[in-house]
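One structure is given here, and the rest of the page talks about it.
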Amino acid sequence: MNTDLYIYNSLSRQKEKFTPLHEGFIGMYVCGPTVYNDVHLGNCRTFMSFDMIYRYLRYLGYKIRYVRNITDVGHLLDDGEDRMSKGARIDNLEPMEVAQKYTNGFHHMMKVFNTLPPSIEPRATGHILEQIEMVQDIIDHGYGYVRNGSVYFDTLKFAQKTGEYGKLSGRVIEELIAESRDNLKNQDEKNHPSDFAIWMKASDEHLMKWNSPWSVGFPGWHLECSAMSTKYLGREFDIHGGGNDLKFPHHENEIAQNMGACGCQPARYWMHTNMLLLNGKKMSKSDGNTISPEELFTGNSVHVTKGYSPMVVRFFMLQSHYRSPNDLTDEALQAAEKGYKRLFEAIKNLGSLTSPTTAPTPLDSRCDEVIVTAFEDMNDDFNTPKALSRLFELVTIINSLKEGQVPVSDISQEGLERIKSAFRTIIFDIFGLLDEADTDSGPVDGLMNLIIDLRHQARNNKDWSTSDKIRDSLNELNIQIKDGKEGTSWGYK
RNA sequence: GGUCGGGUGGCCGAGUGGCUAGGCAGAGGUCUGCAAAACCUCGUACAGCGGUUCAAAUCCGCUUCCGACCUCCA
């Protein structure tokens with residue numbers, strides 16, 4: 001078995017063997033949400049992807065410091081207004097009240113999707129000092145200049161000296177230079193159009209502002225990630241992640257800031273998740289092509305015919321690779337829902353299986369091979385759809401054993417235990433799925449056993465009208481009766 | 001316009017020079033009192049046009065369509 005992990009590195013545009021900076025330890029930084037609005041479903045995909053990655057790295061035995069920030073300042077709109085301030089103005093709230101409200105909502109949604117909390121979740125407003133220090137470092141190294149109280153990053157100088165600007169996003173600095181010839185005159189304070197603010201002087205009516213050596217103002221958006229990743233993970237760390245729409249300018253500028261301040265490329269592996277589409281198009285509020293997590297759960301949207309549970313959504317996302325675009329459609333969700341239920345039904349069946357066989361069997365080796373392959377798929381840049389397909393190969397075997405199409409003695413008890421263990425590890429620990437049907441407690445099981453028993457008696461008496469009435473009435477209640485070789489079981493449809 | 005990534009069967013979605021992806025839907029069958037469930041079998045596929053090759057969905061070129069970024073965005 002190939003136990004090396006390969007990760008697609010956006011910087012090199014190829015899969016690379018993963019080697020951490022410090023053996024056994026991983027530092028991972030993921031760009032978190034801007035908390036000025038309810039969390040976007042596409043955002044959820046990104047964080048679920050990195051949750052799966054975090055979980056898999058943990059499974060591999062690494063000790064991980066997973067840092068995911070909360071952006072609560074510095075994110076400018078077209079008109080120059082800060083997102084937080086705008087949210088505050090609209091809702092008539094303190095900026096921090098807005099941040100708290102949507103942070104709470106974000107945390108709730110992350111919990112609903114069963115993502116693990118990061119090790120550290122720093123806020124931009126809690127790290128103003130670190131950001132000011134970084135601006136100073138950048139100025140000291142000659143890559144920042146001050147204009148009217150604002151500080152800009154000198155991309156041209158940085159590009160010429162290091163040759164690094166544009167590497168991640170594929171931008172060519174010569175083109176940026178060429179562009180500048182036309183635009184230079186219109187540039188207010190900047191030397192070059194691609195220069196970006198690392199500190200901005202605040203206007204009087206600006207709500208969120210701090211003292212600095214240059215002005216009363218606020219940090220540029222790209223700066224927080226540079227400052228906080230450096231603070232918690234060091235100048236160099238292993239993995240930096242985010243949505244691929246952040247590649248430029250955000251991540252490109254982050255690299256420039258880190259290099260400008262400390263002289264080194266911050267992350268060894270840059271990982272980018274792809275977009276979530278809705279009906280083949282990008283989600284967009286303005287043209288109505290959008291759906292919120294809540295609407296998806298309740299079915300209260302023109303885009304879906306019914307609600308889909310958080311775990312079905314998570315399963316749906318696992319069915320595509322994190323680097324591929326994923327098209328959310330009602331039909332695809334229905335398919336995912338059935339697949340999810342089939343998988344968890346098999347897990348239930350697996351739990352009830354025991355075998356009298358003690359010696360290894362051919363079926364044992366076949367299953368072992370499938371399991372090994374599933375982990376190899378995960379080692380190949382976290383290929384969850386492929387690993388999932390292996391699991392479904394086992395689902396068929398499990399069901400055959402359960403229903404007697406294949407004698408249970410064909411597999412050994414130890415072989416069964418290995419499948420159980422692999423399922424636990426992959427489905428629950430790595431994929432982060434939960435059994436949503438597993439909420440029954442109290443009298444329901446007892447009642448169902450009683451009903452099934454009565455139906456069994458009716459069937460023995462060939463009283464088909466009674467037995468069918470029980471079956472059909474339960475069916476109307478969304479309870480499905482399953483007559484198997486080993487007796488009758490039931491489940492929610 | 002520039003940069004990057006895509007177009008795979010009815011739907012979603014892996015694969016990336018010769019070898020079954022998988023899920024859902026469909027057809028036939030086994031089982032069943034009848035069904036359902038489960039299992040078995042089956043089908044149609046690689047956007048189009050050229051080229052390279054013994055061999056291409058996979059590599060190259062062109063065309064076309066879609067998405068992301070270039071301006072706030074996961």
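Every chain is numbered from 1, with letters handed out A, B, ... down the list of sequences.
With distances taken from any side-chain atom of A:Lys338 to the nucleotides B:U32, B:C39, B:A25, the minimum falls on B:A25. Counting only heavy atoms from C-beta on, A:Lys482 has its side chain closest to B:A36 among B:A25, B:A36, B:A74. The side chain of A:Ser400 lies closest to B:C39 when the candidates are B:C34, B:G13, B:C39. Picking from B:A74, B:A35, B:C11 the nucleotide with the shortest atom distance to the side chain of A:Thr329 gives B:C11. Of the candidates B:A14, B:A35, B:C12, the closest approach to any side-chain atom of A:Phe316 belongs to B:C12. Each of B:G13, B:A37, B:C34 was ranked by its minimum atom distance to the side chain of A:Gln480; first place goes to B:A37.
For A:Asn475 against B:A36, a side-chain-to-base donor-acceptor contact under 3.5 Å is absent. In the interface, the side chain of A:His321 is not paired with the base of B:A14 through any donor and acceptor atom under 3.5 Å apart. One N or O donor and one acceptor, one from the side chain of A:Asp468 and one from the base of B:G33, sit under 3.5 Å apart.
Within the nucleic acid shown, A:Ser324 comes within 4.0 Å of sugar-phosphate atoms alone, with no base atom in reach, counting heavy atoms only. As judged by a 4.0 angstrom heavy-atom cut-off over every strand, A:Leu41 is placed among residues making no nucleic acid contact.
We find that CD1 of A:Ile481 is positioned 14 Å from P of B:A37, with the value rounded to whole Å. With rounding to whole Å, A:Tyr322 atom OH is found 13 Å from B:G6 atom P.
A:Asn326 has a side-chain polar atom (N or O) that falls below the 4.0 Å cut-off from OP1 or OP2 of B:G13. For the OP1/OP2 pair of B:C66 and a distance below 4.0 Å, the side-chain nitrogens and oxygens of A:Lys281 include no atom meeting the criterion. Distances shorter than 4.0 Å separate some side-chain N or O of A:Asn383 from OP1 or OP2 on B:G15.
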Kindly list each side-chain donor-acceptor pair under 3.5 angstrom involving residues 239-250 of chain A, sequence neighbours excluded, with atom names and distances?
from: A:His240; atom 1: ND1; to: A:Glu254; atom 2: OE2; distance (Å): 3.4
from: A:His250; atom 1: ND1; to: A:His222; atom 2: ND1; distance (Å): 3.0
from: A:His250; atom 1: NE2; to: A:Glu254; atom 2: OE1; distance (Å): 3.4

For nucleotides 56-60 of chain B, tabulate all protein N/O to nucleotide N/O atom pairs closer than 3.5 Å, reporting atom names and distance.
none

Distances under 3.5 Å between protein N/O atoms and the N/O atoms of nucleotides 17-22 of chain B, please, pair by pair.
from: B:A21; atom 1: N3; to: A:Ser389; atom 2: OG; distance (Å): 3.3

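Of the N and O atoms on the side chains of A:Asp72 and A:Thr125, at least one donor lies less than 3.5 Å from an acceptor on the other residue.
Between A:Phe113 and A:Phe297, the ring centre distance stays below 6.0 Å.
Relative ring orientation between A:His272 and A:His251 is described as tilted, the plane-to-plane angle lying within the 30° to 60° band.
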